[in-house]
Amino acid sequence: MKRLTTTQLRRKPREGERIVMVTCYDATFARLVDEAGVDAILIGDSLGMVIQGHENTLPVTLDEVIYHCRAVARGSVRPHLVGDLPFGSYQESPEQLMTSATRLLKEGGVQSVKLEGGEEYAEGIFKLVRAGIPVMGHLGLTPQSVHQFGGYKIQAKTQNAVERLVADAKALQDAGCFSLVLEGIPAPVAERVTAALEIPTIGIGAGVGCAGQVLVLYDLLGLNEGFNPKFLKKYDNFHRRVVEAVGAFATEVRAGSFPTEDHSHYPSH
Ligand code: KIV
């Protein structure tokens, strides 16, 4: 089966279907989320926090994102793969953006790239799209601007900020983005942006009015007990499950009850 294309993703909301995207960073989880039937996988720079243990996404390098893209590409078959452009890999110039995005497709094996920011990247995005590189935009609480925002704070809370957000969204659409992530903004604002665009919006912490939803995989699995923002629904408690499973292994090893003969090799077998 072939991977979903940007055309198929764009068609979904028109056919009354919501787009389902999750982040993923390795081949094992890629196989699982593919089997679960997600439409798209974002190899997000959130890997800096959930994989590497950094405080924010800023230290992540392009080489690191490419490494994880390759693993996810090997592990999955059907979902569309979006490679995230990390901080410092595109902000300098449209030329730097072209070089980094090209590497994500050539070396990472993804089908599109995502970048954070608005109208200021329109020229570079236009060039990428003309060169055959599909682009997903990302507006609102864009984590690479955490220091500019002074923390992970809900954005677009004033009339001016809302107007700027709508203008940025339209500029990204006009530049050729096939879709747009809206993160950390009031639900009515996300609804307004979604209504103003022809391309689908994919929300995270942006309410019910988007054309699709994305969550960080480790968050929706409940791997981090201490991370409980309002927007997050944990669909399981893998923090507890992992601690219990590994704890049971440790108990049995210490008690000498694992391995048993069932788990042992003998010359006659
Ligand atoms: O890096 C990431 O995981 C993201 C999502 C939160 C949209 O950008």
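Worth knowing before you read on, the calculation uses all heavy atoms, side chains too, and leaves out hydrogens, waters and symmetry mates. One-based numbering, in listed order, for ligands and for the atoms of each. Note that the numbering runs from 1 along the sequence shown for the chain. Only a predicted model underlies this, so the values are computations on that prediction, with no experimental measurement involved.
- Atom CD of Glu35 sits in a sparse spot, with 12 or fewer heavy atoms from other residues, nucleotides or ligands closer than 6.0 Å.
- A salt bridge does not link Arg78 with Asp34: none of the charged nitrogens is closer than 4.0 Å to a carboxylate oxygen.
- Using a 4.5 Å heavy-atom cutoff, the side chains of Met136 and Ile202 are in contact.
- Atoms of ligand 1 lying under 4.0 Å from any heavy atom of Ile204, numbered from 1 in the order shown and given with element: 6 (C).
- A salt bridge between Asp219 and Lys234 is absent, with no side-chain N of the basic residue lying under 4.0 Å from a carboxylate O of the acidic one.
- A salt bridge links Lys127 with Glu123; the closest basic N to acidic carboxylate O contact falls under 4.0 Å.
- Close N/O approach between Glu116 and ligand 1 is not found [any backbone or side-chain N/O within under 3.5 Å].
- For Thr23, no nitrogen or oxygen atom sits less than 3.5 Å from a nitrogen or oxygen atom of ligand 1, counting backbone and side chain alike.
- Judged purely by distance below 3.5 Å, without hydrogens or angles, the side chains of Gln91 and Gln144 pair a donor atom with an acceptor atom.
- Protein heavy atom nearest atom 4 (C) of ligand 1, with residue, atom name and distance: Leu42 CD2, 3.5 Å.
- Nearest to atom 8 (O) of ligand 1 among the protein's heavy atoms is Lys114 NZ, 3.1 Å.
- Neither the backbone nor the side chain of Thr57 has a heavy atom within less than 4.0 Å of ligand 1.
- For ligand 1 and His138, the ligand atoms under 4.0 Å from any heavy atom of the residue are 7 (C), 8 (O).
- Taking a cutoff of 4.0 Å between a charged side-chain nitrogen and a carboxylate oxygen, Asp39 and Arg18 do not qualify as a salt bridge.
- For ligand 1, the polar-atom distance check against Tyr25 finds no nitrogen or oxygen pair separated by under 3.5 Å.
- For ligand 1, the polar-atom distance check finds an N/O of Asp45 within less than 3.5 Å of one of the ligand's N/O atoms.
- At the shortest separation from atom 2 (C) of ligand 1 among protein heavy atoms lies Ser46 OG, 3.3 Å.
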